[in-house]
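Okay, structure first, notes after.
Note that ligands are numbered from 1 as they come in the structure, with each ligand's atoms numbered from 1 the same way. Positions are given from 1, in the same order as the sequence printed here.
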Amino acid sequence: MNQSSTRIADLKHHAGAVVTVRAWVTHLRSKGKVAFVVARDGTGILQAVLVKSEVPEASWNAFAELTQEASVALTGEVRADARAPGGFEMGVQTLEVIGTSPNDYPIQPKEHGIDFLLDHRAFWLRSQRQVAIMRVRHELEQAVHDFFYARDFIRCDTPILTAAIGERAGLFSTDYFDEGTAYLAQTGQLYGEALAAAMGRIYTFGPTFRAEKSKTRRHLTEFWMIEPEMAWYDQDDNMDLQEAFVRYLVERVLERRQEELKVLERDTSKLDCVSQPFVRLDYGDAVKLAQGKGSDIVWGDDLGAPDEALIVDEYQRPVFVVNYPKEAKAFYMKENPLDPRTVRCADLLAPEGRGEIIGGSQREDDYDKILARLTHEGLPVEAYGWYLDLRKYGTFTHSGFGLGLERTIAWICGIEHIREVIPFPRMMGRLSP
Ligand code: 4AD
Ligand code: MG
């Protein structure tokens with residue numbers, strides 16, 4: 001079947017030929033003895049023209065019955081036409097209806113509320129804007145693999161059902177036979193550290209879960225994270241890698257997904273800032289900067305979204321905020337030898353008020369110090385035996401980070417809320433579809 005039909009994006013290779021396109025109807029128009037079918041197949045949009053005197057009666061009658069989202073097979077001649085979407089249209093010879101569609105398709109060319117659209121996500125995904133977002137997502141996922149493959153990192157998959165907890169954010173849990181409670185992974189990092197000791201440089205790319213009761217535009221309960229972990233990298237090496245990585249991702253989308261960015265009406269000049277060196281701002285200076293702009297943050301607090309916005313606004317390009325207070329961050333971060341109240345870490349804040357897209361750090365490599373931090377945090381030390389042992393059997397300087405895929409897509413595409421950049425979002429209050 002595939003062999004005998006042509007995808008809309010490939011029509012440009014078939015000018016003058018007669019082909020069959022299988023697609024879904026988006027718009028219908030007719031003027032007396034001429035009718036137009038506009039259809040989409042996920043690769044593009046086709047305008048097909050039927051002239052009553054040139055098509056079989058059955059095809060002309062089929063047109064009269066057509067509705068939005070009916071699936072059709074259109075056979076005809078491909079003709080160059082500068083006014084048509086994609087530069088080509090089809091002079092139809094036959095129209096065959098494959099699947100009819102009741103005349104009450106929920107998504108109409110008008111404004112719908114966000115809850116309505118999310119309830120109808122399975123259909124909403126068919127719209128041009130959603131297809132454009134998913135294509136950028138796909139490009140970024142491929143770019144992630146290409147970036148690390150070229151640098152000889154090994155991709156490693158880490159478990160989703162876990163016993164040890166990585167982050168402070170909320171946990172999803174489930175009973176696990178006789179082993180007690182299993183948690184859905186908030187991070188692959190702890191396993192990544194073990195894998196880095198085995199393989200040197202690795203990355204994970206998988207779904208992560210946080211039972212966060214935050215209804216913000218940047219929180220999902222299930223999101224995808226890329227987590228590299230590198231043996232013998234200190235925090236400066238770590239930030240250099242992050243900077244090269246983020247720059248690569250943005251440039252890759254600019255290079256290959258201009259069509260999609262156009263559909264999304266993205267002002268791409270705002271992304272040019274990634275070519276400049278990223279700012280590296282000490283946490284203490286970041287706090288002072290935010291205070292100077294009216295924030296009531298005090299030294300010791302984690303930065304809130306409004307503080308992050310104030311800080312990035314100052315520079316209009318990505319900013320690393322480095323060396324946060326220990327108490328504001330996770331137990332595994334390395335104590336800063338120059339100021340033991342702080343840890344060797346950085347959050348990377350994206351421009352345009354997007355906030356944190358990466359959290360990363362050098363890891364505590366001292367057995368006693370990390371044990372003390374675990375105990376201080378009240379975490380169950382027994383669950384971390386294998387993790388602590390990484391510090392006992394050949395401890396090593398190592399660092400890593402986690403880039404949130406959805407926040408990165410939303411920034412690059414200029415989408416307000418990250419629920420729109422994952423096919424079927426999971427959030428507080430939404431488990432379906
Ligand atoms: O800063 P986080 O919590 O860091 C970690 O999980 C580390 N274990 C990473 C590492 O060092 N290997 O999360 C990393 C990133 C954030 O910067 C953000 O982009 C994204 O993951 N993120 C979320 N994205 C969507 N919804 C949520 N609820 C998110 N929580 C974190
Ligand atoms: Mg973080």
Review point. Do Phe209 and Phe172 have ring centroids that are under 6.0 Å from one another?
Key: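 Distance test on ring centres: not under 6.0 Å, no.
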Point to revise | Centroid-centroid under 6.0 Å between Tyr149 and His145 rings | key: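 Not under 6.0 Å, so no.
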Relative to ligand 1, is [X] under 4.0 angstrom through side chain, backbone, both or neither, heavy atoms considered?
X      : answer
Glu227 : side chain
Thr187 : side chain
Glu229 : neither
Ile358 : backbone
Tyr332 : side chain
Arg363 : side chain
Phe401 : backbone

Within 45 degrees of the ring normal and closer than 6.0 Å to the centroid, is that where the cationic atom of [X] sits relative to [Y]?
X      : Y      : value
Arg151 : Phe147 : yes
Arg391 : Tyr393 : no
Arg341 : Trp299 : yes

Check your understanding: Does a donor on one side chain sit under 3.5 Å from an acceptor on the other, for Arg22 and Ser5?
Key ->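 A donor-acceptor contact under 3.5 Å links the two side chains.
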Can a non-hydrogen atom of [X] be found less than 4.0 Å from any atom of ligand 1?
X      : result
Arg218 : yes
Glu356 : yes
Leu405 : no
Glu193 : no

Salt bridge between [X] and [Y], side-chain N to carboxylate O under 4.0 Å?
X      : Y      : value
Asp146 : Arg252 : yes
Arg40  : Glu69  : yes
Arg247 : Glu243 : yes
Asp272 : Arg317 : no

Look at [atom] and say which protein heavy atom is nearest, naming residue and atom and giving the distance to 0.1 Å.
atom                    : answer
atom 19 (O) of ligand 1 : Ile357 O, 2.9 Å
atom 6 (O) of ligand 1  : Arg210 NH2, 2.8 Å
atom 15 (C) of ligand 1 : Gly402 O, 3.6 Å
atom 5 (C) of ligand 1  : Glu167 OE2, 3.3 Å
atom 18 (C) of ligand 1 : Arg407 NH1, 3.6 Å

Practice item. State the atoms of ligand 1, each with its element, that fall below the 4.0 Å cut-off from a heavy-atom position in Gly359. Key: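 Per the distance check, 1 (O), 9 (C), 10 (C), 11 (O), 17 (O).
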Practice item. For Met225, counting its heavy atoms only, list the atoms of ligand 1 lying under 4.0 Å from any of them. Key: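 Result: 6 (O), 13 (O), 14 (C), 15 (C), 21 (O).
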**Study point:** Mutual orientation of the aromatic rings belonging to Tyr384 and Phe331 [parallel < 30°, tilted 30-60°, perpendicular > 60°]
**Key:**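 Answer is perpendicular, since the angle exceeds 60°.
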Check your understanding: In terms of the angle between their ring planes, are Tyr105 and Phe123 parallel, tilted or perpendicular, with boundaries placed at 30° and 60°?
Key ->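 Correct class here is tilted.
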Review point. Considering distance alone, does some N or O of Leu220 sit under 3.5 Å from an N or O of ligand 1?
Key: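 N/O-N/O distance under 3.5 Å: yes.
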Check your understanding: Backbone or side chain, does any N or O of Glu212 fall under 3.5 Å from an N or O of ligand 1?
Key ->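 Yes; the residue has a nitrogen or oxygen that sits under 3.5 Å from a nitrogen or oxygen of the ligand.
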Check your understanding: Considering only N, O or S atoms, which atom of Glu356 is nearest to the Mg ion (ligand 2)?
Key ->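 Answer by atom name: OE2.
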**Study point:** Reference residue Arg363; test side chain to side chain contact (heavy atoms under 4.5 Å, CB included); the match among Lys334, Gln235, Glu193
**Key:**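 Result for side chain to side chain contact (heavy atoms under 4.5 Å, CB included) with Arg363: Glu193.
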Review point. Heavy-atom distance to atom 29 (C) of ligand 1: which of Trp224, Trp411, Phe223 wins?
Key: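 The option holding the nearest heavy atom is Phe223.
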